[in-house]
S.K.: 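If you scroll down you'll find the structure; I have some questions about it.
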Amino acid sequence: MLKRTHSCQALRPGNIGETVVLAGWVNTYRDHSKALVFIDLRDREGLTQIVFDTADVPTEVVEAAQGLRREDVIAVRGTVRERGGGANPKLATGEIEVLASELEILNKAETPPILPDDHEAEKMNEEIRLKNRYLDLRRPKMQRILETRSRVAQFTRAFFHDRNFLEIETPLLIKSTPEGARDFVVPSRLEAGDWYALPQSPQLFKQILMIAGCERYIQLPKCLRDEDPRADRQAEFTQIDLEMSFVDRDDVLETMGGFAAALWQEMLGVDVGEIPRMTWREAMETYGIDRPDLRFGLEISDISDLAAKTEFGVFTSALEKKSPMGSGVVKAFRVPGGAERLTRKMTDGYSEWIKLFGAGGVPTTKCNGEGFESGVARFVEPIADELMERLGCEKGDTVFFTADTWEVATKAIGELRIKVARDLELIDEDAWKFVWVVDFPMFELDVESNRWVALHHPFTAPNPGQEGLLETDPGNCISAGYDLVCNGSEIGGGSIRIHRPEVQQKVFDLIGLTPEEAEMKFGFLLRALKHGAPPHGGIAFGLDRLIMHLVGTDNIRDVIAFPKTQSGGDLMIDAPGPIDDEQMKELHVRTVPTS
RNA sequence: GGGGCGGUAGCUCAAUUGGUUAGAGUACCGGCCUGUCACGCCGGUGGUUGCGGGUUCGAGUCCCGUCCGCCUCGCCA
């Protein structure tokens with residue numbers, strides 16, 4: 001076999017005259033006659049044009065080259081020379097070509113079902129790409145994504161290694177725990193009727209590692225959650241997971257903010273600056289979401305007090321609603337220049353669309369500089385001046401309202417804010433807006449069971465000084481949790497953990513775990529906490545989402561080499577699939593038809 | 001579990017109101033071409049219209065069911 005001397009990206013005019021060997025796949029062939037054939041040879045790095053010319057090499061070689069087809073695997077020996085027909089500015093190697101003297105066909109390829117061309121893939125049915133993933137991954141774009149992912153992993157390990165973190169592996173076969181996402185489970189062969197669960201994250205193991213005196217832990221673990229996928233969510237995904245002992249919240253935020261900034265600098269040459277912090281309350285009130293996109297304005301205001309002065313039934317009946325978060329609210333934001341840019345069709349559309357989020361509609365009006373006209377103008381007439389003042393309205397603005405319980409109105413208007421920004425292209429696509437969201441509530445009330453549910457997870461500590469509220473007013477207890485948000489997408493979250501067993505026991509009580517259940521599910525943690533648990537905290541970043549940002553895709557499947565479909569299938573290997581009766585028997589399981 | 005969109009040649013798509021033998025580009029095969037570069041020109045092969053029923057003289061088109069893919073609500077401590 002001819003051994004290659006250079007990659008298909010390596011050769012430049014400086015190599016002219018050298019004898020080289022290249023190997024790769026036939027990207028395109030252009031045969032001009034029996035006497036002249038061009039091949040663009042592709043490897044992981046790039047493309048190089050090979051020319052077969054009877055003027056310079058034996059006829060047999062050129063004839064063999066004439067039979068080459070796309071995706072054949074070949075090696076070529078030849079001489080680097082300046083291109084006879086002029087440079088191709090589209091190629092990095094476009095100033096040179098390799099005049100072939102020897103051709104070795106390493107493997108003929110059947111006609112490929114899809115071609116690894118970026119320009120083809122853009123419009124290709126994703127199903128067919130996933131079925132033929134080995135061909136799809138040959139595309140330059142996919143190769144670049146895989147390379148980016150590898151570089152990020154390398155950078156991450158080096159960054160934390162330099163800061164004295166230990167990379168420690170945690171088990172995949174663990175046990176199912178209550179709350180959280182649905183577990184993937186694995187039947188035990190040796191213990192009939194018992195099941196392992198695959199980890200949703202290494203959460204408890206990394207806390208145990210802190211108790212075990214490891215002080216600083218890092219891992220890039222696979223995490224598995226058996227929930228329905230989304231464009232930015234897979235059942236199987238990877239985290240950058242870490243935990244630190246003897247730290248408070250600021251220590252973790254500084255470490256991870258520094259990491260994010262260093263990563264963006266390394267990968268994109270972007271200076272993200274000091275990452276600001278925002279409380280959860282502020283995020284919810286001003287942006288209607290706990291992961292605010294700060295690349296655009298359209299800030300939301302609460303106008304409940306003004307709405308109470310109107311006789312608009314939509315407002316007044318909403319204000320009378322009750323929910324765990326208190327009385328109903330009326331919220332509003334103004335769209336500068338919206339009167340001109342938002343059509344009636346669009347605003348009507350929003351009223352329909354908003355029902356997805358449980359709101360009844362989107363009352364709308366326009367500001368004419370003096371007051372309001374059209375839409376719900378006559379209802380807000382009594383509060384026109386105050387409303388203009390509150391929202392900072394100017395002539396030509398459109399104002400959108402939502403009115404409902406705090407939960408519904410807040411979420412609905414937050415989603416509307418994003419939709420309007422997208423529709424009007426108000427989002428600066430080149431911006432990087434990071435923000436730490438902090439001071440989450442410890443719990444939210446689940447109305448159905450009338451029980452507290454941990455907003456983050458039940459190992460999250462209350463903020464310093466808040467512990468007393470666990471006893472007196474859990475609903476107002478603020479946690480030491482934090483999320484890092486980038487351009488409206490949550491890329492990581494974590495918390496300072498509970499390190500005192502009595503506090504952990506109290507939180508288990510509050511979320512309705514009996515002492516017996518707590519012992520059965522988390523006894524190991526409670527025992528460990530009693531044997532000298534240091535104060536500790538940590539965070540996990542979603543590696544896949546990080547890569548999505550770095551390579552500029554909104555499809556998580558693009559950044560995973562072998563992703564799964566919306567129904568959890570792998571189209572290439574056709575998983576999941578049945579197992580033998582013998583396997584079932586060994587595992588003590590049997591399937592029953594669902595009714 | 002709910003809602004929406006889609007499935008026609010290897011690939012990307014078209015096919016009037018239900019109406020002749022389901023077309024085009026590309027790929028593939030054959031021929032031609034000595035400077036192309038997503039080469040070009042000429043000719044050709046290629047179809048279980050996702051699958052199963054139904055309505056009809058006649059179904060890619062209409063109806064019912066089902067499978068698959070994507071987006072989304074719920075879900076995702």
Side-chain angles (χ1 to χ4, degrees), chain A residues 27-41 47-56 62 66-67 69-71 82-91 93-94 97 99 109-132 135-136 177-183 200-201 203-204 223-235 237 352-358 411 415 440 442-444 446 452-460 479 481 490 493 495 507 511 513 542 554-555 557 564-569 571 574 594:
Chain A
N27 194 64
T28 50
Y29 63 92
R30 296 178 290 277
D31 63 324
H32 275 258
S33 66
K34 289 202 170 69
L36 180 67
V37 176
F38 297 99
I39 298 290
D40 284 345
L41 190 64
L47 290 176
T48 300
Q49 173 167 287
I50 315 291
V51 59
F52 296 84
D53 190 337
T54 44
D56 301 279
V62 182
Q66 242 193 323
R69 289 298 177 266
R70 291 208 53 167
E71 303 313 311
E82 193 177 358
R83 285 201 180 191
N88 180 354
K90 291 183 202 163
L91 288 187
T93 60
E97 65 189 4
L99 174 64
E110 280 186 15
T111 302
I114 62 172
L115 293 169
D117 292 336
D118 286 329
H119 59 91
E120 294 284 336
E122 300 300 318
K123 49 183 184 175
M124 200 179 300
N125 192 333
E126 196 176 358
E127 194 173 351
I128 207 80
R129 288 176 46 202
L130 292 174
K131 239 171 229 165
N132 301 278
L135 293 174
D136 192 41
T177 53
E179 307 215 10
R182 190 179 296 113
D183 285 317
Q200 299 177 23
S201 79
Q203 180 60 36
L204 292 174
C223 301
L224 300 113
R225 298 177 186 178
D226 190 6
E227 301 291 350
D228 287 9
R230 285 286 187 281
D232 64 348
R233 207 167 82 189
Q234 282 264 302
F237 63 101
E352 270 309 303
W353 174 83
I354 207 80
K355 290 173 183 170
L356 277 176
F357 305 99
K411 173 161 195 189
E415 296 289 343
F440 288 80
M442 282 285 286
F443 308 101
E444 56 188 355
D446 180 54
W452 296 108
V453 177
L455 199 74
H456 193 64
H457 58 53
F459 318 107
T460 298
S479 86
E490 183 200 323
S495 62
V507 170
I511 62 173
L513 273 187
D554 52 12
N555 180 352
R557 294 176 298 279
K564 291 182 173 53
T565 68
Q566 193 127 155
S567 51
L571 297 179
D574 193 24
T594 46

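A, B, ... follow the sequence lines: proteins, then strands. Residue 1 opens every chain.
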S.K.: Between A:Asn88 (CG) and B:C37 (C1'), how many Å, whole number?
M.R.: 5 Å
S.K.: Does either side chain, that of A:Gln200 or that of A:Asp183, offer a donor lying less than 3.5 Å from an acceptor on the other one?
M.R.: yes
S.K.: Write down the distance separating the C1' atoms in B:U61 and B:G50, rounded off to the nearest Å.
M.R.: 16 Å
S.K.: What is the distance, rounded to the nearest whole Å, between atom CZ of A:Phe52 and atom P of B:U34?
M.R.: 18 Å
S.K.: Select base, sugar-phosphate, or nothing to describe what A:Lys411 touches, counting heavy atoms under 4.0 Å on all strands.
M.R.: sugar-phosphate
S.K.: Between B:G52 and B:C57, how far apart are the P atoms? Round to whole Å, please.
M.R.: 23 Å
S.K.: With a 4.0 Å cut-off on heavy atoms, is A:Leu455 in touch with a base, just the backbone sugar-phosphate, or nothing at all?
M.R.: sugar-phosphate
S.K.: What does A:Ser201 touch in the nucleic acid at a heavy-atom separation under 4.0 angstrom: a base, only the sugar-phosphate, or nothing?
M.R.: base
S.K.: Please work out if A:Gln49 contacts a base, only the sugar-phosphate, or nothing of the nucleic acid, heavy-atom cut-off 4.0 Å.
M.R.: base
S.K.: Using a 3.5 Å distance criterion without hydrogens, assess whether the side chain of A:Thr460 forms a donor-acceptor pair with backbone atoms of A:Gly481.
M.R.: no
S.K.: Please work out if A:Gly94 contacts a base, only the sugar-phosphate, or nothing of the nucleic acid, heavy-atom cut-off 4.0 Å.
M.R.: nothing
S.K.: Check whether any side-chain N or O of A:Lys34 sits under 4.0 Å from OP1 or OP2 of B:C32, and answer yes or no.
M.R.: yes
S.K.: When you check the phosphate oxygens OP1 and OP2 of B:C71, does a side-chain N or O of A:Arg557 lie under 4.0 Å from one of them?
M.R.: yes
S.K.: With a non-hydrogen cut-off below 4.0 angstrom, is A:Asp53 in contact with a base, only sugar-phosphate, or nothing?
M.R.: base
S.K.: Can you tell me the pairing partner of B:C29 across any strand shown, Watson-Crick or G-U wobble, with both distances under 3.5 angstrom?
M.R.: B:G43
S.K.: Just to be sure I understand the rule, does A:Asp31 reach a base, reach only the sugar-phosphate, or reach nothing, if contact means heavy atoms closer than 4.0 Å?
M.R.: base
S.K.: So A:Arg129, base contact, sugar-phosphate only, or nothing? Heavy-atom distance under 4.0 Å.
M.R.: nothing
S.K.: Tell which nucleotide pairs with B:G65, taking only Watson-Crick or G-U wobble pairs whose two distances are both under 3.5 angstrom.
M.R.: B:C51
S.K.: Checking base pairs now: Watson-Crick or wobble, both atom distances under 3.5 Å. What partners B:U34?
M.R.: none
S.K.: Using the P atoms only, state how far B:G43 lies from B:A24, rounded to an integer number of Å.
M.R.: 12 Å
S.K.: How is A:Phe440 classified with respect to the nucleic acid when contacts are heavy atoms under 4.0 Å: base, sugar-phosphate, or nothing?
M.R.: nothing
S.K.: What is the distance, rounded to the nearest whole Å, between atom CG of A:Leu135 and atom C1' of B:A27?
M.R.: 13 Å
S.K.: Only pairs with both distances under 3.5 Å count, Watson-Crick or wobble alike; so what is the partner of B:C70 in this structure?
M.R.: B:G4
S.K.: Specify the residue among A:Val51 and A:Leu115 whose closest nucleotide of RNA chain B lies further upstream toward the 5′ end.
M.R.: A:Leu115
S.K.: Expressed as a whole number of Å, how far does the P atom of B:C39 sit from that of B:U21?
M.R.: 39 Å
S.K.: Using whole Å, report how far CG of A:Asp228 lies from C1' of B:G74.
M.R.: 9 Å
S.K.: Pick base, sugar-phosphate or nothing for A:Thr177, based on heavy-atom distances below 4.0 Å to the nucleic acid.
M.R.: nothing
S.K.: Find the partner of B:U17: check Watson-Crick (N1-N3 plus N6-O4 or O6-N4) and G-U wobble (N1-O2, O6-N3) distances, both under 3.5 Å, and reply none if neither fits.
M.R.: none
S.K.: Across the strands shown, which category fits A:Glu97 at heavy-atom distances under 4.0 angstrom: base, sugar-phosphate, nothing?
M.R.: base
S.K.: What contact category does A:Gln200 fall into here, base, sugar-phosphate, or nothing, at under 4.0 angstrom with non-hydrogen atoms?
M.R.: nothing
S.K.: From the list B:C33, B:C75, B:G35, which nucleotide is the closest neighbour of the side chain of A:Arg230?
M.R.: B:C75
S.K.: Any sub-3.5 Å donor-acceptor pair from A:Asn132's side-chain atoms to A:Ile128's backbone N or O?
M.R.: yes
S.K.: Under a 3.5 Å limit for both distances, which nucleotide forms a Watson-Crick or G-U wobble pair with B:A24, could you say?
M.R.: B:U12
S.K.: Give a yes or no on whether the backbone of A:Glu127 and the side-chain of A:Asn125 come within a donor-acceptor separation of less than 3.5 Å.
M.R.: yes
S.K.: The side chain of A:Thr565 lies closest to which of these nucleotides: B:A27, B:G69, B:U72?
M.R.: B:G69
S.K.: With rounding to the closest Å, how many angstrom separate the C1' atoms on B:G23 and B:G60?
M.R.: 13 Å
S.K.: When the nearest nucleotide of RNA chain B is assigned to A:Leu130 and to A:His119 on a heavy-atom basis, which residue is associated with the more 5' position?
M.R.: A:His119
S.K.: Would one find a side-chain N or O of A:Arg30 under 4.0 angstrom from OP1 or OP2 of B:U36?
M.R.: no
S.K.: Using a strict threshold of under 4.0 Å (side-chain N to carboxylate O), is an ion pair present between A:Asp40 and A:Arg30?
M.R.: yes
S.K.: Does A:Ile128 reach a base, just sugar-phosphate, or nothing at all? Heavy atoms under 4.0 Å.
M.R.: sugar-phosphate
S.K.: Short question: side chain of A:Arg69, backbone of A:Thr111 - any donor-acceptor pair under 3.5 Å?
M.R.: no
S.K.: Can you tell me how far the CZ atom of A:Arg70 sits from the CD1 atom of A:Ile39, to the nearest 0.5 Å?
M.R.: 11.0 Å
S.K.: Looking for any heavy atom pair under 4.0 Å, which part of the strands does A:Pro113 touch: base, sugar-phosphate only, or nothing?
M.R.: sugar-phosphate
S.K.: Between atom CG in A:Leu571 and atom C1' in B:C68, what is the gap in whole Å?
M.R.: 8 Å
S.K.: What's the gap between B:U16 and B:U26 when it is taken at their P atoms, as a whole Å value?
M.R.: 24 Å
S.K.: With rounding to the closest Å, how many angstrom separate the P atoms on B:U55 and B:A14?
M.R.: 30 Å
S.K.: For A:Phe237, is the NZ or CZ atom of A:Arg225 found under 6.0 angstrom from the centre of its six-membered ring and inside 45 degrees of the ring axis?
M.R.: no
S.K.: With rounding to the closest Å, how many angstrom separate the C1' atoms on B:G46 and B:C11?
M.R.: 13 Å
